[in-house]
Structures are given as C-alpha cells and as structure tokens.
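To keep things clear, I will list the structure first and then write my remarks on it.
Both backbone and side-chain heavy atoms feed into the values below; hydrogens, waters and symmetry mates do not. The model shown is predicted, which means the values in this text are computed figures rather than measured ones. Each chain gets a letter, A, B and so on, in the order its sequence line appears, and its residues count up from 1.
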Amino acid sequence: MAPDSATPATPAPAASVDVPEKPTIDGLEEKWVERWAAEDTYAFDRDAALEAPREQIYSIDTPPPTASGSLHVGHVFSYTHTDFVARYQRMRGRHVYYPMGWDDNGLPTERRVQNYYGVRCDPALPYDPTFEPPAKPGKDQVPVSRRNFVELCMQLTEADEAEFEKLWRRVGLSVDWSNVYRTISERSRATAQKMFLGNLARGEAYAQEAPTLWDVSFRTAVAQAELEDRERPGAYHRVSFAGPSGPVVIETTRPELLPACVALVAHPDDERYQPLFGQTVRTPLFDVEVPVVAHRLAEKDKGSGIAMICTFGDLTDVIWWRELQLPTRAVIGWDGRFLAEPPAGVPAQPYDELAGKTSFSAQQRIVELLRESGDLLDDPRPITHPVKFYEKGDRPLEIVTTRQWYIRNGGRDGDLRDALVARGREIQWVPEHMRHRYENWVEGLNGDWLISRQRFFGVPFPVWYRLDAEGEPIHDEPILADEASLPVDPSSDVPPGFDESQRGVPGGFMADPDVMDTWATSSLSPQVASGWDTDPELFAAVFPMDLRPQAHDIIRTWLFSTVVRSHYEFGTVPWSHAAISGFVVDPDRKKMSKSKGNATTPIDVLERYGTDAVRWRAAGARPGADSPFDETQMKVGRRLAMKILNVGKFVLGLGASASSTVEQVTEPIDLGLLTALGRVVDEATAAMEAYNYTRALEVSETFFWSFCDDYVELVKSRAYGTGAAAASAQAALAVALEVQLRLFAPVLPFVTEEVWSWWQAGSVHRAAWPVASALPADGDPAVVTATAAALAGVRKAKSDAKVSMRADVATATVHAPAAQVPLIEAARADLVDAGRIATLSVQPGEGELTVEVVLAETPAE
RNA sequence: GGGCGCGUAGCUCAGCGGUAGAGCUCUCGCCUUACAAGCGAGCGGUCGCAGGUUCGAACCCUGUCGCGCCCA
C-alpha cells in the first residue's frame with residue numbers, strides 16, 4: 001500500500017448496510033478491544049517491513065511506564081498522543097513498529113516489593129530456592145537473599161504489568177501487544193551489560209574513586225540528573241581562625257565540618273584578603289594549619305567574603321579541592337555519621353566528641369565547643385538556603401568519597417559536549433522550543449554521568465575483582481564477563497577460571513557489588529525495543545527510530561542518556577523526532593502526580609465519558625503544552641462521538657452506501673461540499689505531518705459540525721427521493737461520511753470503527769488516510785456556505801418569532817452579495833425544502849447577506 | 001539569578017501585520033420521525049501594562065508586571 005494511494009484500501013462491497021436500531025457508544029470499548037485483539041489489527045508485519053524501503057516503516061520508542069507505579073490521566077493523555085501518530089502513520093500505509101515496554105527496574109519496585117511482601121534484601125544471605133514470602137507482611141521485614149528478592153520483584157511486576165496492559169488496551173493504544181519488553185528481563189540485562197562492556201572497552205566508561213553525592217538513607221550514590229534543590233533553614237556561624245596577624249573570620253552554614261577543613265578561600269580580587277594568600281591560618285578547636293587560597297568561585301559579597309573549604313560540604317568544595325589540589329580530610333561516612341577515627345593530622349581531641357554523630361548533632365556539639373572556646377562570634381544568623389537532595393530522598397545529600405562507575409557525557413570534556421549538543425540539533429523537536437531544555441542541560445553539565453547504584457534490583461555490572469593476599473580487591477584489573485555468558489550476576493555467577501569456593505577469600509575474587517542506575521538501562525530502550533541483541537535484521541530496519549515521545553521533565557535524564565548511548569554505539573541519533581508532551585495539571589496548574597494527591601484515576605473517567613471522549617480531550621492538548629484537567633470538556637468529546645454515530649446512522653438510512661461513488665455527484669452544492677472536504681483533508685494531513693494532531697482534529701471537527709447542521713439539513717429531503725439528483729446527494733453523503741470517519745479514526749478509534757463496520761469491509765484503522773485527489777476539485781464550496789447562510793437567516797427569523805424550525809415560511813427574500821446570488825440559486829430547491837419556504841426570492845443587495853422572512857399563518861389548532 | 005514558555009470573552013484555547021474567533025458556560029427559544037446525552041438563536045473581549053516601528057499591531061521591537069516549568 002503506497003502512502004499516497006488515491007483510493008481507499010478497503011474493497012467496497014455493494015450496498016450491504018447494517019445499522020443497529022439504537023446505536024450507542026456504551027460498550028464499544030469491550031467489543032472492539034476484543035475484536036482488534038482477535039484479528040491482530042495492529043500487528044507489525046516483520047517480513048513485509050524487512051522488504052519495504054525505510055520510509056515505509058515508522059518506529060516508535062515508547063516510554064516504558066514504571067510497572068510498580070500507578071497511572072493517572074496525565075499518562076493516558078501522553079500515551080494517547082503517541083497513538084494518534086501511530087494510527088495516522090499506519091493509515092498512511094507505513095509499517096508501524098509500536099512496541100510497549102515496562103520499566104520494572106529500580107528503586108520504586110524495590111520499595112513496593114518490600115512493602116507488599118514484608119521483606120528486605122540482604123545480599124549476604126544465600127539463595128533459598130524454597131523461599132515463600134509471608135502471606136501477609138509481618139511487623140518485621142524478613143531478610144532474603146538478593147536472588148530471592150529479585151524473584152519477588154519479577155513476580156510482582158508481572159502482575160502489575162498485566163493490569164497496565166488491560167488499561168492501555170481500553171485506552172485504545174494500537175500497540176502490537178505481541179511485542180513487549182521489560183527493562184529487567186534477561187534480554188534487557190544482557191543488552192545493558194553488553195553495551196556497558198562496549199563502553200568500557202572504548203574508554204567511554206570508567207571507574208573512579210571520587211567525591212560522590214550520596215544519599216545517606218538509601219546509602220547509594222546519586223547522579224547530577226537526580227538532584228533537586230530544596231529550600232531549607234540553616235544558619236550562618238561566624239567562626240574565628242587564628243591568622244598570622246590576628247583573627248580571620250569566616251561564615252559557614254556547616255560548622256560541624258571544621259575538622260574536615262583543608263583551606264580558606266577568597267576571591268583573587270578581594271583586597272581584604274590578598275595579603276593572606278599564600279599564608280596559613282590555624283583552625284579553632286583542632287588547631288590544624290590550613291592555607292589561605294584564592295579562587296574565582298569565592299564570592300566577595302557572601303558573608304565575610306572568605307570561606308572554609310571542607311572535604312566535602314558541597315559541590316563547590318569539590319571543585320576547589322580538585323582545582324587547587326588540596327588534601328582530603330573526610331569525616332562523614334556512608335551512613336551519614338561522623339567516622340570513628342579523625343582524618344590524618346586532626347587530633348583525637350576534641351574529634352572523639354563528634355565520632356558516630358549525625359551532622360545535625362555534631363553541629364550542635366561543635367557550636368557548644370566554639371562558644372566555650374570563644375571562637376564563635378555572635379549568635380548564629382538564621383537563613384533559608386537551597387540544599388541538595390536526591391529527588392526521591394528526604395535527607396540532605398552528603399558528599400562521600402567512593403568508587404563508582406561513570407560514563408563520559410561531556411561534563412568534563414568540551415569536545416564531547418559539543419558533539420552531544422550537535423546530536424540534539426539532528427533531532428526534530430516537537431515543539432521546537434524543547435530543544436533548549438536539552439542544550440541548556442548539556443551545556444551545564446559539570447561532571448560525568450555516574451551510573452553505579454548501591455542497590456539490589458537492577459542490572460549488575462558484569463565485573464569481578466581479584467583479591468590480593470590480604471583479601472583486598474585489585475580494582476585496576478577487573479575481570480570482565482564473556483559476552484557469550486551475558487547476562488551474568490557476579491554475586492552468584494563465578495568469573496572465568498575461578499570456582500565458587502574462591503569467592504571472598506584472599507587470592508580469590510569478589511563481585512562488583514553495584515547495579516546500574518535505571519537511566520543506564522532505560523537509555524537503551526531503542527536497542528532493547530528494536531532487537532539490537534536479538535534480531536539484527538529487524539534492528540537494521542527500524543533503527544534509528546522515527547519517534548521518541550516523552551514528557552519534558554525527563555529530557556535531562558532519559559532523552560539525553562539515550563542520545564549518549566546511541567552516539568557511542570552507533571554514531572547516530574537514536575530517533576529522528578522527539579515529541580514532548582506536556583503535563584495534565586490540576587485547576588491550580590500544579591502537575592498531576594500521585595504523591596501530591598491531586599491525580600485523577602483514569603479508569604473512572606474512561607468509564608463515565610467513554611474512551612473516545614477522553615481521547616478527544618487529550619487531542620486538545622497540543623504537544624508540549626500543559627493542559628488543565630477539566631471534566632466538562634470530556635462531555636464535548638462524548639457529544640462528538642455520539643454525533644458521529646447518529647449522523648452515520650442517518651446518512652446510511654438516506655440511501656448512502658459503499659457502492660456510492662464520486663462520479664454520481666453532480667449537483668453544485670454536493671460538489672461544493674466534497675471540494676471543501678478535500679481542502680480539509682489537505683489541512684489535516686499537513687497538520688498531522690507536523691505532529692499537530694490538535695490542529696488536524698480542529699479542522700476536521702469544524703467541518704463535521706457544519707456538515708451535520710447545514711449540509712445534511714439542506715440535502716436530506718432531496719436525498720429521500722429518487723433519480724439523479726437524489727443519487728448525487730446520497731453519493732456525496734456516503735463519500736463525505738467515509739472520508740470523515742477516516743479523518744477521525746486516529747482520535748476516536750472506537751466510534752469510527754463502529755460506524756465503519758456498518759457498511760465497510762475491514763477495519764477503518766487499516767484503511768488509507770484520505771487524500772484530496774480522490775475528491776472532486778471543481779466544486780465551489782461557497783455554494784454550501786452561501787446557502788447555509790441563507791438557511792441561517794431563515795432559522796433566525798423562526799427563532800426570533802419563537803416558533804418551531806418546522807414552521808412554514810410564506811415568503812423569504814434573500815439579499816446577498818451579487819456574486820452569491822447564482823450560488824444560492826444553484827441550491828434553490830434544497831433551501832426551499834430545508835426552510836419550508838413557499839416563495840423564495842434571491843436578490844443582489846448591499847453588504848452582508850440578509851433574509852427577510854414572512855412566516856405563514858399558523859392554522860389555529 | 002539564568003533559560004524556556006504562557007498571559008486574547010466567566011472557563012479552555014485558536015489566531016501571530018490588514019475592521020476580534022471557536023467550543024464550553026450563560027440567556028432566550030424549539031418535541032424538528034438521525035440525535036432532547038438533541039436542535040436553533042443570542043449576550044459576552046479597549047487581545048496583562050507602557051512605550052516604539054508601521055498607512056495600519058492581539059500579532060513585530062523594547063521595557064515592565066504576573067503565572068508556570070527547567071536549571072543554578
């Protein structure tokens with residue numbers, strides 16, 4: 001099927017029309033979801049696609065929803081937007097590759113499994129193949145091995161995914177449900193590990209001991225993309241250091257880090273401190289000698305203009321430490337508490353007063369000590385300031401030096417950064433301005449992408465380390481898994497050349513303990529979905545993909561990381577288009593989310609208004625634009641769906657049938673209607689090509705309502721008759737109905753399929769998208785509009801007189817611009833019938849069209 | 001503080017250089033045999049504010065205020 005084929009794909013059987021007595025939109029979902037599944041309406045024909053040229057394929061990198069989460073109306077809207085595109089492309093004759101994935105990997109699933117079964121993962125435990133989770137979660141969580149824990153994750157996510165699929169089918173997504181992937185499946189794990197080994201071999205991934213943002217509750221490292229600033233109360237403490245010629249006063253919000261102080265810093269231009277540069281001062285309480293250094297990031301007008309550098313209080317400390325090559329005096333451990341032993345060179349007294357304390361209580365103690373020693377000047381001055389948090393965490397992040405895996409992303413390399421910005425410019429963004437989000441993010445990166453996480457339910461790094469004679473890991477010589485053995489779990493699988501008895505013993509080996517960040521695996525969704533590792537032929541046909549649909553909040557994470565991986569592995573962008581959907585927001589314009597408690601459950605809305613109505617409302621939200629949730633709008637969609645049902649029934653009852661053809665259309669008003677429809681088809685097509693489904697629907701819908709209210713009213717009495725004039729009306733009605741059903745099919749799949757099934761063969765969703773060239777081009781649409789305007793004049797007179805539209809008119813005199821007179825004359829008989837006019841006169845007049853109406857005497861009854 | 005977007009009828013939004021548009025709401029009507037979960041008609045806006053460019057600005061430019069998102 002060529003995308004521009006001029007004729008509908010569906011063979012039209014002669015005049016077999018079967019319209020239900022009382023059509024209804026209720027229950028259409030059950031009927032058609034089942035039928036589409038049974039007939040495999042949306043199947044991707046792999047063999048045909050492999051034969052077809054690339055332009056005949058349309059592939060979509062569908063966002064895998066978090067299966068352990070819950071869906072709200074916002075999700076329904078954005079996935080529906082993608083479905084509009086998928087259905088349109090399918091009707092254009094393309095082989096639409098539209099898989100669905102489930103993101104069942106990561107922390108949300110871990111938490112859900114912990115709560116659901118009442119268990120917790122203890123990686124030190126051995127696997128118990130007979131383990132059964134408690135029937136009900138008990139008060140204390142049962143410790144289980146990592147493998148048992150992962151099995152429970154698998155089990156629960158499978159159940160969650162089945163529920164999701166049911167909902168998506170009811171939403172009408174034209175996904176090929178035989179093509180579903182999971183981000184934690186064996187195949188996904190193998191792909192992720194293979195990609196990682198590739199990155200490692202090419203030097204794009206590396207491990208490094210480095211200061212790392214650390215969530216002390218989850219005890220895991222956190223990447224830049226997962227940070228958020230939150231305003232928190234704090235206080236500036238004025239602390240006095242002993243300088244060569246008198247005290248030097250700094251201000252700090254974290255006095256407890258005094259033992260971690262490695263230098264003081266001021267701006268190079270700051271005349272107040274220039275004499276001190278190169279000198280040393282001594283810290284209060286600990287009496288450690290530290291240098292005074294100059295750096296451009298020190299802020300002259302912040303506090304006293306001079307600050308202490310600690311290892312590490314914030315990210316600026318890390319920059320200073322790195323650029324000024326300062327020593328490390330770490331005091332905070334993985335649990336967020338002060339380490340038992342002071343850093344080298346820091347006296348045990350008074351450090352032992354802090355050991356084991358949290359930052360909070362350490363600060364209290366330090367403040368007391370500083371007060372006693374007289375080194376705290378003034379009372380602490382309360383402020384609010386932004387503090388870094390893990391977006392899913394609730395305690396401020398600490399910076400801890402740990403060994404982590406990174407993928408280079410341009411954060412430390414200008415050339416790479418430029419290359420990735422350039423990749424972004426190869427993508428067509430919908431809407432265009434979303435490109436800025438990408439560029440701003442890439443240009444603002446200040447470190448490589450940290451991909452290791454100290455969690456359990458994720459893809460492990462396929463890496464082991466030899467242990468030396470002391471049992472310490474030799475990190476410099478990692479043992480990598482064989483590609484053929486992937487996926488591996490190094491915590492239960494044994495590296496080549498070793499056996500299990502050597503695990504953890506000196507001279508033996510140990511597993512890399514970490515798993516990959518979820519973005520490190522979900523950034524491979526195009527590879528997983530397209531069969532990079534499992535079906536190279538298919539992959540060659542569908543990759544790079546055509547579309548990545550997603551929301552704007554994860555441009556910095558999912559979109560960017562996917563570009564990075566594709567850039568490395570294939571030297572290309574992963575898709576030609578990125579369509580960014582907006583959010584559904586509540587009446588206060590707040591993003592809908594489950595955690596805020598303002599989310600609307602979709603199933604309820606779908607049941608009350610019908611899927612087509614909800615989809616219609618989703619189509620009203622343009623790409624990228626946030627859209628308020630407003631139930632009153634759903635009613636409008638429902639009304640449209642019902643109107644299509646009713647007008648379909650009526651038109652088919654008037655004698656329109658699938659055997660009607662354009663050639664039978666001879667009357668000027670009928671030709672005018674179809675020519676106008678051709679223009680609508682062109683506009684809707686142009687809009688769909690630009691991913692502007694909102695505009696496409698709008699032009700179709702505007703046409704449709706005037707088709708119902710004006711055109712059908714004008715021609716119905718003629719269509720009731722027989723002969724050539726009646727056949728012309730019947731044929732025009734049939735063609736117009738059939739074309740409009742196809743125009744509406746992507747947005748309203750259920751009601752259009754229903755009406756289509758009354759008189760056409762096959763599925764409307766496998767029919768060709770309409771083309772204007774199949775419609776008469778020589779009609780004059782003004783015949784319809786001028787005649788409709790005249791009819792409106794008659795209606796207004798009846799409305800003003802408060803009589804029925806069925807009231808008889810004795811005389812109607814139309815004064816129309818001269819050019820319109822012949823147009824209205826051409827439809828005279830239709831106007832006379834529709835207006836119930838005894839004597840009609842059409843005259844040229846000044847200005848706009850007006851109608852003088854004399855109503856017939858109402859017979860007294 | 002920076003970037004991006006948005007401020008048009010009571011609400012949701014089109015329009016983006018040539019005399020203000022749609023739907024919903026509201027008002028007034030109409031049982032009209034496709035549809036009363038319908039149909040017809042009507043009311044309603046100095047296009048956030050202030051300058052500027054232009055014969056002409058909702059639309060272009062500058063500034064300003066307000067809202068939202070992202071990033072510091």
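- Among residues two or more places apart in sequence or in another chain, the side chain to side chain contact (heavy atoms under 4.5 Å, CB included) test is passed with A:Val584 by A:Phe77, A:Met592, A:Phe629.
- Scanning atom types as modelled, no donor and acceptor separated by under 3.5 angstrom connect the side chain of A:Arg795 and the base of B:A41.
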Considering only distance and modelled atom types, tabulate donor-acceptor pairs under 3.5 Å from the side chains of residues 635-642 of chain A, sequence neighbours left out.
from	atom 1	to	atom 2	distance (Å)
A:Arg638	NH1	A:Tyr609	O	3.1
A:Arg638	NH2	A:Asp26	OD1	3.4

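- Judged as a salt bridge (Lys or Arg N to Asp or Glu O under 4.0 Å), and not counting sequence neighbours, the contacts of A:Arg254 are A:Glu256, A:Glu398.
- The aromatic rings of A:Tyr438 and A:Trp429 sit tilted relative to each other, their planes meeting at an angle between 30° and 60°.
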Between the protein and nucleotides 19-25 of chain B, are there any N/O to N/O pairs under 3.5 Å, and if so, what are the atom names and distances?
from	atom 1	to	atom 2	distance (Å)
B:C24	OP1	A:Arg639	NH1	2.8

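- With a 4.5 Å cut-off on side-chain heavy atoms, A:Lys302 and A:Tyr236 count as touching.
- Contacts of A:Asp413 classified as salt bridge (Lys or Arg N to Asp or Glu O under 4.0 Å), with partners at least two apart in sequence or in another chain: none.
- Taking A:Glu30 as the reference, A:Arg170 meet the side chain to side chain contact (heavy atoms under 4.5 Å, CB included) condition, with sequence neighbours excluded.
- Separating the P atom of B:U54 from that of B:G2 is a span of 31 Å, rounded to the nearest Å.
- When the salt bridge (Lys or Arg N to Asp or Glu O under 4.0 Å) test is applied to A:Asp604, the partners found at least two apart in sequence or on another chain are A:Arg608.
- At B:C39, none of the side-chain N or O atoms of A:Lys798 fall inside 4.0 Å of OP1 or OP2 (strictly under the cut-off).
- The side chain to side chain contact (heavy atoms under 4.5 Å, CB included) test applied to A:Lys643 returns A:Phe704, A:Trp705, A:Cys708, A:Asp709, not counting sequence neighbours.
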Could you go through nucleotides 1-3 of chain B and list every protein N or O atom that sits under 3.5 Å from one of its N or O atoms, giving the distance for each pair?
from	atom 1	to	atom 2	distance (Å)
B:G3	O2'	A:Asn440	ND2	2.6

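- Of the P atoms belonging to B:A36 and B:G18, the separation is 43 Å, rounded to the nearest Å.
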For nucleotides 13-15 of chain B, which of its nitrogen or oxygen atoms have a protein nitrogen or oxygen under 3.5 Å away, and what is each distance?
from	atom 1	to	atom 2	distance (Å)
B:C13	OP2	A:Arg589	NH2	3.1
B:A14	O5'	A:Arg622	NH1	3.2

Give every pair of a protein N or O atom and an N or O atom of nucleotides 6-9 of chain B that lie under 3.5 Å apart, one pair per line with the distance.
none

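- Note on ring orientation: taking the six-membered ring where Trp is involved, the planes of A:His81 and A:Phe84 are tilted (angle from 30° to 60°).
- Under the salt bridge (Lys or Arg N to Asp or Glu O under 4.0 Å) criterion, A:Asp314 pairs with no residue at all, not counting sequence neighbours.
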